[in-house]
Structure formats: C-alpha cells, structure tokens
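Below, read A as the first sequence line, B as the second, and so on, with proteins coming before strands; counting in each chain starts at 1.
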2 protein chains.
Amino acid sequence: MKKLTLKDIASHFGVSISTVSKALKDSPEISEALKLKVQAFAEERNYRPNRIALNLLNKRTKAIGVIVPNILNYFFTQVFYGIEKTANSRGYSIISCISDESYKKEIQTVELLGSGIVDGLILSLSEETQAKDSMGHLKNLIKNRIPMVLFDRVTNKIDCDKVVVDDFEAGYKTTKYLLGTGCKKIAIVSAIFNSSVGKLRVKGYKKALEEAAQEFNDQCIVKVGKQDDLEVLISLLIADKEIDGIIALDEMTAVDTLNILKMKGVEVPNQISIVGFTNGRLSKYVTPALTMVSQHGQYIGELAANILIDRIEYEGRMPFTTKLVKTTLIERESTKKLKTGYDAPTA
Amino acid sequence: MKKLTLKDIASHFGVSISTVSKALKDSPEISEALKLKVQAFAEERNYRPNRIALNLLNKRTKAIGVIVPNILNYFFTQVFYGIEKTANSRGYSIISCISDESYKKEIQTVELLGSGIVDGLILSLSEETQAKDSMGHLKNLIKNRIPMVLFDRVTNKIDCDKVVVDDFEAGYKTTKYLLGTGCKKIAIVSAIFNSSVGKLRVKGYKKALEEAAQEFNDQCIVKVGKQDDLEVLISLLIADKEIDGIIALDEMTAVDTLNILKMKGVEVPNQISIVGFTNGRLSKYVTPALTMVSQHGQYIGELAANILIDRIEYEGRMPFTTKLVKTTLIERESTKKLKTGYDAPTA
DNA sequence: TTGAAAGCGCTAACAG
DNA sequence: CTGTTAGCGCTTTCAA
C-alpha cells in the first residue's frame, strides 16, 4: 500500500482533488454525506497530508536546524535537550547536525540547512572555525535572510542574535573564589585555548589576579592539545611547588587532573584546590567531589530556541540581542572553605 | 535580499526558467556565454536550489528520522552519535526527536516524521510505550511503507529491521561472572523493569542461577520506580546479609548504589560486588571504579543507520533482519578477581 | 455543492 | 541553443 495522496482519494470517489481537500478540512462547502465518506476512507487508509508539499506551499517548514560541535560533550547535550524541549513545545521539530569541531563539516552542514529545509538555525561554532576565524558560510546565511542564533562559541563578525555564557565573569569569579579560600598561586588548564570561551575565561582570571595585585605568569596557563599527555603537563606544572589552585576549563580535564594529582599523592584540596568548568555528571561522583562552574546548558538551549522562534514568527525587524547567561559556582569538596571577608558568589 | 529562485535569475536575464536550470547544471545545450553569465550571477547572489522543491520532485528527502527516549542518557547519546556519523557519511541528514519516555510524545513524533519529511526512521521505544505495549502508530508507518529500524527497546509486534543488544546473554554472562568471582547471592537493581531490555537481563540472570543450581529468589529483584528512594530499597535489600553481589541495570543506579553502600560502610567489592550496565562516563571515575557491561552504543547506531539506508536505497524486498550485538564486560575494581576454572568472558 | 486553475520551486521530456 | 509543458502534492481563489 503506497502512500495515499489526495489524488488517490479523489479518483477513488470520482470527485476532484480540491473537493477532497475541502472535505478533509471539514469545509462547509462540502455536503455532509461526501465529507463523511471521504473522512472515513482517509482515516481507514491512514491518510496523512504530505508535509513536503505543504512546506513548499507555505514556504516554511516549522523546523529549526541545530549544529553543535560535539554531542558527546555533556554541555552540548544539555543545550540540545533544552532546544528540543522548547522547540517542540512551540510546534517546531529539530534537524540536528554535528560539526565534529571541523570547519569543513560545519560549512557542509550550514549549506545543507540553509537550503530551505529549516526556518532558522541555532549553532555553536566548531573549534576549527573559531581558530580559522572565517565566517563566510554564515555571512551567506545572513544574506539569504535565514534567522540564526549563535550560542556559546560565537563571533563578532556576524550580526545576529546570540546567547553566551558570561565567561569573562566566570573566569573572574572563579579566580576570586579560589583566592578567597586562601589560594596563592592559581593555574589554568585548558583544552579549548583556541575558543572564544577559553580566552574570555583567561581574561577574567587575569583581571582577578590584577585586582589582587598578583602578577600574571604565562607558565600558569597550561594548554592541552589533542596529542598532549595531560599527566606530563601537570607534572611540569606542579613542579612549581607554589601552585595551590587549578582551574580546569572543561569537566573531563578537571576529573583527569584530579586523578593525576591523587596518583601523585597530592592532597586535594589541602595542597591544591581544583575548580572545573561544566557541571556535568562526573564531577559530583568523583572523590573528592569537584567544585564546578555550571553554565546552565539546558537554560541556554531554551533561551536560544525561544529567541529564534520569536524571530521566525515575528517578521518585524527587531534589533539583535545578545543574552549573557551568568554561571553558578557549585561548591563541593575539591576546594577549601571561603575565608571571611570575601563575598560569596551568588547564583 | 530574499532567497533567490530560478525565476528571479530567469527574469533578470530575460530567459526562461528551464534555461537557467540547465545553465546552472552546465548542460551542453546552453551556450557558453550564457552559462558563464548565469553561473557568475548565481554565485555572486549565493543561489541555492530549494531543497524542499527537490524533495517534492524526487519524492525523497535524504533525511532520516531518529527518535530516542532520552538524550541525557549516555547510551542513547552514543547511539545518536553513531547514527549521525554514518548517516552523514552516506549523504543523509538527521531529524532528531526525543520521546522523553512518553507514549503520547512518541506518537506525535512518529506522525510528524511519517508525513514525508524523512525517507526512513530509527527509533527506540519509550518506556511508556513498552509498558502499554500498543504499537498502532508504528503499524501505520509500516502500512505506509516507511522503512524503519528499531533498536535496543524493540517489540515483536512490529515486523521490521532491528538492532538489539544481546541482553539475555549479558544478564547471563554478568551473573556467571559474579558467581565466578565467588559471589553466593546476587541481587538485581532495576529502574527499567518495564522494558524489554530489563526483562531479558533478568531472564539471563535466572538462567545462570539455574545452571549454578541456585534458587531464584524474588526478593533479589529490586524494582526502583521514579518515586522510590533508592537508599531505602538498598537498605532493605542488604538487610539480607547474604547478599554479596549486585547487578545494577543502568549506570546511574550503579553509581548511586555504590555510593549508598559506601555510606553504609559496606566494603566494595569485598563485602558486596557491583556490576553495572552501560559503560558511560561515570563508572570509570568513581572509587572504586565500577565493573561495567558495555553495550557499544556507537556501534549500534552505525549498524542501525547502515541497515536503514541500505533498505531505503535498495528497493528490493530483502527479508527483515535482527542484529544481535554482544556486550562486553569491562572489569574494574568493584568486583573481585575471577577464581580459576571459570572461562573469562570474551569481547 | 463541486470543480478548474494557478502556483509554491524545480526538473526533464519534448518542441521549436 | 532556448522555450514550453507537465508534474511532484497540496491549498486556495474563482467559476460553474
């Protein structure tokens, strides 16, 4: 039984296709008798209007495209979940693609989604795209008037709505917090040094040091490449016995760092404190449980989806907005207690 | 600048639509001069053929729909990743939906995806759907000849391709393994007792007990509902001092059980051993690291995608297959060493 | 109360 | 070499 069309139903009853269309819509133009027959038949044969045809007709698809660099990263999984949830509740479906942190794949994907199959697009730049800093593919999208929301990893080369984590403030706040617990020399371990996000956090860190009249030391920024052995890098880092605080810019790195320190007999948090970014599923369960910075991934997804759909549905030219989502520090056992005289971070 | 169509280009050059179409395809029918002009213009104005129109014309979308019950579950994230990867490499994009373990949402989603926007469908049943055991929505899909692959949580009410974990064997193997390490009384803690998957694992467990001439005891199957307090249930369970092995049917439950036991001063694995299902990101990092059953999520995703696309592209009626994917036991520190005389499980 | 025709954007067969 | 036509499945005037 091939997929049923209006044509099939029409010829089955010997009426015209527009009559069937109206009958199925319960139009008052059509006689009750015919309507009943047609509807019953459609029901029985499980007729569904072809959405592609409707999309072509209406010039909208009620779908939004989502491109994330890496779905195995829990932050992106959370954002994705948030997007799916709110899009769905507003009647939109999601076409999802993974750029795999690759510039080339991001371009392909953007081209694909830009060719009419979605009404709008939510994306976070791949690492490679940010490193290359070339945004031609997104410019094309803008040219073609396809609404777009950038989140987390954004660029100022593109003028569109954005939802970003306040990473500068997060870096600042986290550093101040560690200082407040008595840390004297704080290092950063980053596996995302190329991304806008990583850079902002380091900036915030520097500002906090400055305010504390501490000198910034380049040795304290550990850049972890894909090929690098974290253990070696950490060994090198803690050869400097003054290091007593580490900020890890993603959850995996935080957990790995913790384990390496434990293996080396370093006491956490007594000798070295650790704070990690992205409050995922791991950090709560390791021992000691890690103090983490939560970026509220699901909320970011919801926000991005709402902004996008608003823009899709409200044709008027509202100015582009950039929403700054504050992070929250979740204190657990990998950091010491705050000394008095420091303002606790607020949610 | 609105989205450019062939019509726009045609009227710009005062030629016909089909001429432009051919020119853009570099057809030998068209003069070099015109081709060059048209192509240059299209390039400059960033012309992209409307995919929706092509979809309507070709009656295929080169997209496949994926419905997972819960993307925050790492197993499904992995499967999803596998699907996306191989679909993409074969030129397909993914439309993804989350059923959120809800029967109603699953129906909606299936209806949506069944209305022509995808060439085929990959899905895993929601918990509620399995509990209700009503598959009308899938039957409709089959009626409409939409290719479908069911994975992990499947039903025998529907005749289609399937990819399932060999959960019976996994339950059997895991139980035998625990027995082999010297456990005498093994319990199961399940938060998925309604699902086909959970039931099969319990079946395998029973068979292993039988072979070891052990009596099955209903008290040893702990069913954890959404509202239940795991701590209470575990307390009740280990009130039976003979319990010395626990199989947890998902990763969260495994980790939680471990923590509860630790809190209660129970030594793992000396007093009680734990094996968990789904080798995700947590189990490796808790202390002691958990011995887990890996279901090879990414591989399952790849397999499902390949089967589906084969079926989409190869119209011939090949018989439906059910692929059984074996699990692998990953031994870590939450179980004791195997005694000799037991055949170690193989990958 | 029903039907014919146009059109969404595109391709392909067929004419000129 | 270029244009006309028909059609993918549907909705929506407008005409009968």
Side-chain angles (χ1 to χ4, degrees), chain A residues 1-39 41-42 45-63 112 114-119 144-146, chain B residues 1-39 41-42 45-63 112 114-119 144-146:
Chain A
M1 203 183 305
K2 207 67 201 150
K3 202 162 195 287
L4 206 60
T5 68
L6 286 188
K7 207 183 187 177
D8 300 329
I9 305 183
S11 76
H12 178 261
F13 287 107
V15 297
S16 86
I17 134 180
S18 60
T19 304
V20 176
S21 172
K22 287 172 193 162
L24 289 176
K25 296 203 132 46
D26 227 349
S27 156
E29 288 184 22
I30 307 294
S31 69
E32 279 305 317
L34 184 56
K35 276 201 278 193
L36 249 48
K37 279 199 299 183
V38 169
Q39 285 169 7
F41 183 75
R45 292 281 307 269
N46 203 247
Y47 170 77
R48 293 283 173 274
N50 181 331
R51 255 214 156 59
I52 300 291
L54 290 178
N55 288 345
L56 185 58
L57 204 58
N58 300 326
K59 302 221 212 169
R60 11 173 238 120
T61 61
K62 280 273 199 175
L112 174 73
S115 60
I117 59 184
V118 295
D119 295 342
N144 285 342
R145 291 222 180 298
I146 297 176
Chain B
M1 202 183 307
K2 206 66 203 149
K3 206 167 191 284
L4 205 60
T5 68
L6 286 188
K7 207 184 189 178
D8 300 329
I9 305 183
S11 76
H12 178 261
F13 287 106
V15 297
S16 84
I17 279 184
S18 64
T19 304
V20 175
S21 172
K22 287 172 193 160
L24 289 176
K25 297 203 131 47
D26 227 350
S27 155
E29 287 183 24
I30 308 294
S31 70
E32 279 306 316
L34 184 57
K35 278 202 280 194
L36 248 49
K37 278 198 300 184
V38 168
Q39 286 169 6
F41 183 75
R45 293 280 308 268
N46 203 248
Y47 170 76
R48 294 282 173 273
N50 181 331
R51 254 214 158 60
I52 300 291
L54 291 177
N55 288 345
L56 185 58
L57 204 59
N58 300 325
K59 303 221 213 170
R60 10 172 240 120
T61 61
K62 279 271 199 176
L112 174 73
S115 61
I117 59 184
V118 295
D119 295 341
N144 284 342
R145 291 222 180 300
I146 296 175

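Taking the six-membered ring where tryptophan is involved, the planes of B:His12 and B:Phe41 are essentially parallel, since the angle between them stays under 30° and well short of 60°.
Between B:Asn55 and A:Asn55 the shortest side-chain heavy-atom distance does not fall below 4.5 Å. Between B:Asn50 and A:Ser115, the closest side-chain pair of non-hydrogen atoms is not below 4.5 Å. Side chains of A:Asp8 and A:Thr5 form a contact here, defined as non-hydrogen atoms less than 4.5 Å apart.
Following rounding to the nearest Å, B:Leu56 (CG) and D:dC10 (C1') show an atom-to-atom distance of 9 Å. Atom pair B:Leu36:CG and D:dC1:C1' shows a separation of 16 Å (rounding to whole Å applied). Atoms NZ (B:Lys37) and C1' (D:dT2) sit 13 Å apart, rounded to a whole Å. Rounded to whole Å, the distance from CG on B:Asn55 to C1' on C:dC10 is 11 Å. Protein atom CD1 of B:Ile17 is 13 Å distant from nucleotide atom C1' of D:dA6, rounded to whole Å. When rounded to the nearest whole Å, the span between CD1 of A:Ile117 and P of C:dG9 equals 17 Å. The separation between A:Leu6 atom CG and D:dC8 atom C1' is 13 Å, rounded to whole Å. Atom-to-atom, NZ of A:Lys59 to P of D:dG9 comes out at 21 Å; the value is rounded to the nearest Å.
Counting distance only, with no hydrogens placed and no angle test, the side-chain atoms of A:Ser18 and the base atoms of C:dA4 include a donor-acceptor pair under 3.5 Å. For A:Ser31 and C:dT2, a side-chain-to-base donor-acceptor distance below 3.5 Å is absent, hydrogens and geometry of angles not being considered.
Distance alone, capped at 3.5 Å, places no donor-acceptor pair between the A:Lys22 side chain and the A:Pro28 backbone.
OP1 or OP2 of C:dC10 has at least one side-chain nitrogen or oxygen of B:Tyr47 nearer than 4.0 Å. Distances shorter than 4.0 Å separate some side-chain N or O of B:Ser16 from OP1 or OP2 on D:dG3.
Among the atoms of the strands shown, only primed sugar atoms or phosphate atoms (P, OP1, OP2) are found under 4.0 Å from some heavy atom of B:Leu54. Backbone-only engagement by A:Thr5 is indicated by non-hydrogen atom pairs under 4.0 Å involving sugar-phosphate atoms exclusively. Residue contacts for A:Leu34: at a heavy-atom cut-off of 4.0 Å it reaches the sugar-phosphate backbone alone, with no base atom in range. Within 4.0 Å (heavy atoms only), A:Phe13 reaches no atom of the nucleic acid at all.
Of all heavy-atom pairs between A:Ile117 and A:Thr61, the closest is O-OG1, 3.2 Å.
Checked for salt-bridge contact, A:Asp26 and A:Lys35 meet the test: a charged N lies under 4.0 Å from a carboxylate O.
Distance from the side chain of A:Ser21 is smallest to D:dT11 among D:dT11, C:dT2, C:dG9.
Between A:Leu57 and A:Lys7, the residue anchored closer to the 5' end of DNA chain D is A:Lys7, taking for each the nucleotide with the nearest heavy atom.
Within residues 22-30 of chain B, the residues having any heavy atom closer than 4.0 Å to DNA chain C are, in order of number, B:Lys22, B:Lys25.
Between B:Thr19 and B:Ser16, the side chains place a donor N or O and an acceptor N or O closer than 3.5 Å (distance only, hydrogens not considered).
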